[in-house]
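Residue numbers start from 1 in every chain, and the chains themselves are labelled A, B, ... in the order their sequence lines are given, proteins ahead of strands. Quick note: numbers below take in every heavy atom, side chains included, and nothing from hydrogens, waters or symmetry partners.
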Protein chains: 2
Amino acid sequence: MESTPGVRTALLLLGGFEAMVGDVVEELARRGHPGVTANLEFALLAIKEGADSASALARALGVSRQAAAKSVATLADLGYVDRVDDAADARRKALRVTPRGDEMTAIGAARFDELRARWAAALEPGAADAVDAALARLPEVLRPPSPRSVGPAGLEPTTSAV
Amino acid sequence: MESTPGVRTALLLLGGFEAMVGDVVEELARRGHPGVTANLEFALLAIKEGADSASALARALGVSRQAAAKSVATLADLGYVDRVDDAADARRKALRVTPRGDEMTAIGAARFDELRARWAAALEPGAADAVDAALARLPEVLRPPSPRSVGPAGLEPTTSAV
DNA sequence: AGGTGTTGACAACCTGGTTGGCTATCGCCG
DNA sequence: CGGCGATAGCCAACCAGGTTGTCAACACCT
């Protein structure tokens with residue numbers, strides 16, 4: 001009824017993502033971290049994984065430096081990161097995740113894992129891993145011509161070619 | 001490396017969706033429908049499936065009436081829908097999909113299907129269907145308390161209980 | 001030195017969404 | 001028949017997240 005198989009799959013992907021993210025955001029709000037959006041959590045994760053400046057974050061997230069700077073400003077406002085002057089490079093403001101930031105990502109990641117575990121438990125054994133594997137191949141399949149490696153919402157290593 | 005299994009799965013969902021949608025939007029632009037976003041296509045699909053007014057579209061999409069009205073305005077600007085006065089109800093502006101609108105959704109849906117087919121062909125037989133089935137269970141698993149049936153991005157049938 | 005490229009910041013702007021307030025109309029119940 | 005609540009559409013203000021363009025400061029390489 002609702003359209004066609006392809007559309008349905010796309011909507012399922014979106015729905016799954018939104019369901020997970022929505023739950024995690026709610027959980028974070030419940031656990032003392034209101035005002036955190038999915039973007040902010042992913043940004044903070046990227047920072048923890050090595051994006052140690054606004055520009056680096058921009059590359060990791062695949063957005064403009066300004067957009068990344070906005071996220072950093074919000075994260076700083078919420079007390080999740082500190083911007084400290086870099087002694088070695090006066091241009092840089094090095095990003096340092098605060099203890100509260102660590103707590104936030106820990107709660108968020110744990111909730112993501114819990115959701116995935118609950119979901120996996122409702123499926124055949126191994127089915128969740130199979131889904132992950134199948135999804136990982138989607139971008140590759142859709143893009144026969146140029147094999148770009150850029151992540152969709154980023155969070156990829158700082159491999160940024162540009 | 002990149003965080004944890006739960007986060008990775010969420011990112012895969014987002015990535016898969018964005019990959020499909022990005023490709024479809026490109027294809028639409030190539031085939032004479034520039035300026036069409038995923039939102040607009042989904043909105044038009046919802047209209048075709050019974051959301052015959054801005055308010056109904058809002059319900060189907062799960063957004064505010066104003067947001068739906070904006071989408072309708074854009075769709076009308078692009079020539080995909082007509083707003084006609086409803087003879088039976090002077091308040092309403094009934095939505096009618098134009099032939100061009102039909103063409104657009106046809107191209108979009110066909111592309112979605114093609115992408116899904118290509119993806120399915122790269123997997124084990126039946127794997128794509130299994131993924132769909134698994135994803136369909138995600139929202140249900142994450143929401144043990146109230147079994148709401150509302151779709152994430154909507155596009156559900158006009159079953160609107162209203 | 002000096003040129004090139006990077007960093008971070010400011011400003012203007014776009015998109016898609018929200019809330020609040022308003023009017024016209026319909027439907028239903030007395 | 002009258003009145004009132006619910007509904008449809010619309011306007012304006014606002015917000016979040018993203019973009020481009022510009023700029024000054026700084027680092028690095030020759």
Inset, instruction - When you get a sec, tell me which of D:dT19, C:dT6, C:dA24 is the closest nucleotide to the side chain of A:K70? - result: D:dT19
Inset, instruction - Output the distance between atom CG (B:L57) and atom CG (B:L75), rounded to the nearest 0.5 Å. - result: 8.0 Å
Legend entry - Spacing of A:D23 atom CG and B:L142 atom CG [to the nearest 0.5 Å]: 6.0 Å
Inset, instruction - Output the single nucleotide from C:dC26, D:dC11, D:dA27 whose closest atom is nearest the side chain of B:R91. - result: C:dC26
Inset, instruction - Whole angstrom is fine here: how far is it from CG in B:D86 over to P in C:dG27? - result: 10 Å
Inset, instruction - Take A:T37 and A:A88, find for each the nucleotide of DNA chain D with the closest heavy atom, and name the residue whose nucleotide sits nearer the 5' end. - result: A:T37
Legend entry - Residue closer to the 5' end of DNA chain D, B:D89 versus A:L40 (nearest nucleotide): B:D89
Inset, instruction - Round to a whole Å and report the spacing from CG of B:L75 to C1' of C:dG16. - result: 13 Å
Inset, instruction - Taking only the side-chain nitrogens and oxygens of B:R65, find out if one of them lies under 4.0 Å from OP1 or OP2 of C:dC22. - result: no
Inset, instruction - Inspect the contact between B:R116 and B:D129 and indicate whether a charged nitrogen and a carboxylate oxygen are less than 4.0 angstrom apart. - result: yes
Legend entry - Separation of atom CG in B:L61 from atom C1' in C:dT18, rounded to whole Å: 15 Å
Inset, instruction - Assign B:A69 to base, sugar-phosphate, or nothing according to its heavy-atom contacts below 4.0 angstrom with the strands shown. - result: nothing
Inset, instruction - Report yes or no: is there a donor-acceptor pair, N or O only, under 3.5 Å between the side chain of A:Q66 and the base of D:dG21? - result: yes
Inset, instruction - Would you kindly say whether A:D82 and A:T98 are connected by a side-chain donor-acceptor distance under 3.5 Å? - result: no
Legend entry - Touch class at under 4.0 angstrom, heavy-atom based, for A:S53 against every strand present: sugar-phosphate
Legend entry - Interatomic distance where CG belongs to B:L57 and P belongs to D:dA8 [whole Å]: 12 Å
Inset, instruction - Go through C:dT7, C:dG17, D:dT7 for me and flag the one nearest to the A:S55 side chain. - result: C:dT7
Inset, instruction - Using whole Å, report how far CD of B:E18 lies from P of D:dG17. - result: 15 Å
Inset, instruction - Using the closest heavy atom to pick a nucleotide of DNA chain C for each, name whichever of A:R83 or B:A68 lands nearer the 5' end. - result: A:R83
Inset, instruction - Scan B:K93 against the nucleic acid and name what it touches under 4.0 Å (heavy atoms): base, sugar-phosphate only, or nothing. - result: sugar-phosphate
Legend entry - Nucleotide C:dT6, atom P - distance to CG of A:D52 in whole Å: 16 Å
Inset, instruction - May I ask you to test the B:K93-B:D86 pair for a side-chain heavy-atom distance under 4.5 Å? - result: no
Inset, instruction - Go through C:dT18, D:dG18, C:dT7 for me and flag the one nearest to the A:R92 side chain. - result: C:dT7
Inset, instruction - With heavy atoms under 4.0 Å as the rule, sort A:S64 into base, sugar-phosphate or nothing. - result: base
Inset, instruction - Return the value, rounded to whole Å, for the distance between atom CG of B:D85 and atom P of C:dC26. - result: 11 Å
